[in-house]
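Some notes on the structure that comes next.
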Amino acid sequence: MSGGGCSIVWFRRDLRVEDNPALAAGVRAGAVIAVFVWAPEEEGHYYPGRVSRWWLKQSLAHLDFSLRSFGTSLITKRSADSVSSLLEVVKSTGAKQILFNHLYDPLSLVRDHRAKEVLTSQGIVVRSFNADLLYEPWEVNDDQGRPFTTFTSFWERCLSMPYDPESPLLPPKRIISGDVSRCRPDTLVFEDDSEKGSNALLARAWSPGWSSADKALTNFINGPLIEYAKNHKKADSATTSLLSPHLHFGEVSVRKVFHLVRIKQVLWANEGNKAGEESVNLFLKSIGLREYSRYMSFNHPYSHERPLLGHLKFFPWVVNEDYFKAWRQGRTGYPLVDAGMRELWATGWLHDRIRVVVSSFFVKVLQLPWRWGMKYFWDTLLDADLESDALGWQYISGTLPDGREFDRIDNPQFEGYKFDPHGEYVRRWLPELSRLPTEWIHHPWNAPESVLQAAGIELGLNYPLPIVGIDAAKARLEEALSEMWEQEAASRAAIENGTEEGLGDSSDNNDGVIAFPQDIQMEENREPPRNNPPPPTTRHYEDQMVPSMTTSLFRVDEEESSVDFRTSAVDSRAEVPTNVVVTQERRSEVLNRGPVQTITQPQYNPTAMQYVAEDSTAESSSTTRRERDGGVVPVWSPSATSYSEQFVSEENGIGASSSYLQRHPQSHQIINWRRLSQTG
DNA sequence: CTTACCTTTGT
DNA sequence: CAAAGGTAA
């Protein structure tokens, strides 16, 4: 197109030069100005955690370095508002168009839509691209043209689409730099002094940036991939791809991963290597889950906050800070869980299996609200990813149509012997148990006194007794479930009677928002939780507020004192937040919440999607040629509403025809829970 | 060795 | 629930 002005390429989570459609389009159009805007406050609760910021910092430096070798550099802006920063850059450079690649998390969807509106209204051409997915969410539909609601059907369709995913683009040969002489870049600060020490350790294990991402990919494909099916159950993982943080920041494109892996698969299939082929399928499934997480986020943009199955709204979560803290510190008394939580804290990384173990323990045994756990993952994982994590926690919590059954509790003791049969994993992360024989390593509470003594263990002193017994947890879960159904029925009845108010209006909860306890302050070295005395336990009938744990760089002054979970020492970590930010936004959101919640239609209205077609041929989607360059820009349909209103209206809204509950009325009854997960 | 029955697992 | 894997007879 018009070779005249230069283009701004707005980098976000696509920190690579290869197979970067926005960059490629910019290069094709002429001169390019590469921009990264750091506006973390825009993320609200999801201000990136320490390790995540560390990664970003390295990755940006790496990107800048390589852009320089192509003939330009990365302009960085510190901002409270991405869109106005972009405008600023436009003004100082005279750029004519802005190019970026799509993101699908709820915050980005809203922000990018606004960006597009504002910039377009200023006469700037805005074009956006698919760089993060094999297929755009709106491309994958069932035979009735509706979005899938279960993973398997979604993924089957993806693998049998009439056209293949786009092949990866080569990196540009050279990038002509736009004139940035009048553009004032900001230096970005990603860590404070208290974080530097801990971050230094990360560099030993990880190397962010697209070239390491490429290396990791090749290593994986030529190494562990073939054995993936065999090994993927081992907690000790030299066998995973280790690609997730790279993928999160877009340092390598999924399409490249997909294509290279597929090539191997064909090769192995020809050799008749069954195991290899199987391994590829399994690995691709995890790529598929990543795709699906974007798909779900796009179709249900509130899924990081609300269960997708409505009745879960009535589950009486246990709001217990002691539990929460014990879990974070790896002091639950279940070695596999504790080892996982210590590894997570120490390294920012967890094998997928162990993520399942600790999160399912969190939800099913402790019955803490899943969003707390998700938030903690967000704050501590190197590959923290809103879409993937939301999907994962919803799956574990049984709040998806195809998630695990709600009433199923996995026993960490048995899982221990499955995933860590020799106890090596536990011994590595729980030094206090290192001398315990394998026979007892996953259930020390059963070990004879003499064995414990020989191993130097005093249960309740240097290693806790189980914080909750599995049997007690089962009983409590059953009770909670029947309460949930009661509440749900009551709410439905209330709605039918027109007594609106609806949900769980009963006695104990004030305005429907559970504030994180402020009155309880936690002493650091309290006695480890005991087995039996039922802890002070409150139940609440609403989704929980997420405790605000992220340490914003602007809040460093708070809680200066002694303990701070940001520091690296394991003992002083994970201080329970004493303050919860109850924003007005969320409050109104909860208040306005509608009646029995369903899986609703996407608010995204594909027909409202706008075509910014310089590429002329906007063909219909099922033909072989897809839009790529200058393709579809996703757009929020009713744009007048505020962020929170959009969520609310989505929930209340819509789609009589395809509301999940309407198609599956039986999901109101627990006995049909099982069948529910089949249908759809 | 087969079969009926069980437990486990799965996005 | 269905598929897979394991066990007892």
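Letters go in sequence order (proteins before strands), and every chain restarts at 1.
Among the atoms of the strands shown, only primed sugar atoms or phosphate atoms (P, OP1, OP2) are found under 4.0 Å from some heavy atom of A:Arg353. Using a 4.0 Å heavy-atom distance criterion, A:Arg408 is classed as a base contact.
Counting to the nearest Å, the P atom of B:dG10 and the OH atom of A:Tyr292 are 18 Å from each other. Distance A:Lys364 NZ to B:dT9 C1': 13 Å, rounded to the nearest Å. Protein atom CG of A:Asp410 is 16 Å distant from nucleotide atom P of B:dT7, rounded to whole Å. As a whole-Å value, the separation of A:Tyr395 OH from B:dG10 C1' is 6 Å. Atoms CD (A:Glu405) and P (C:dA2) sit 12 Å apart, rounded to a whole Å. Rounded to a whole Å, the CD1 atom of A:Ile409 is 14 Å from the P atom of B:dT8. In this structure, the CG atom of A:Leu400 is 16 Å from the P atom of B:dG10, given to the nearest Å. Rounded to an integer number of Å, the gap from A:Ile396 CD1 to B:dG10 C1' is 11 Å.
In this view, A:Tyr334 and A:Phe361, A:Trp445 satisfy the ring pair (Phe, Tyr, Trp, His ring centres under 6.0 Å) rule, not counting sequence neighbours. Judged as a ring pair (Phe, Tyr, Trp, His ring centres under 6.0 Å), and not counting sequence neighbours, the contacts of A:Trp440 are A:His443.
Between C:dC1 and A:Arg404, no contact under 4.0 Å exists linking OP1 or OP2 to a side-chain N or O. Side-chain N/O atoms of A:Lys418 include none lying less than 4.0 angstrom from OP1 or OP2 on B:dT8.
Looking only at side-chain heavy atoms (C-beta outward), A:Phe324 and A:Phe362 come within less than 4.5 Å of each other.
Checked against A:Val426 for a side chain to side chain contact (heavy atoms under 4.5 Å, CB included), the options A:Leu433, A:Asp338, A:Leu436 give a single hit: A:Leu433.
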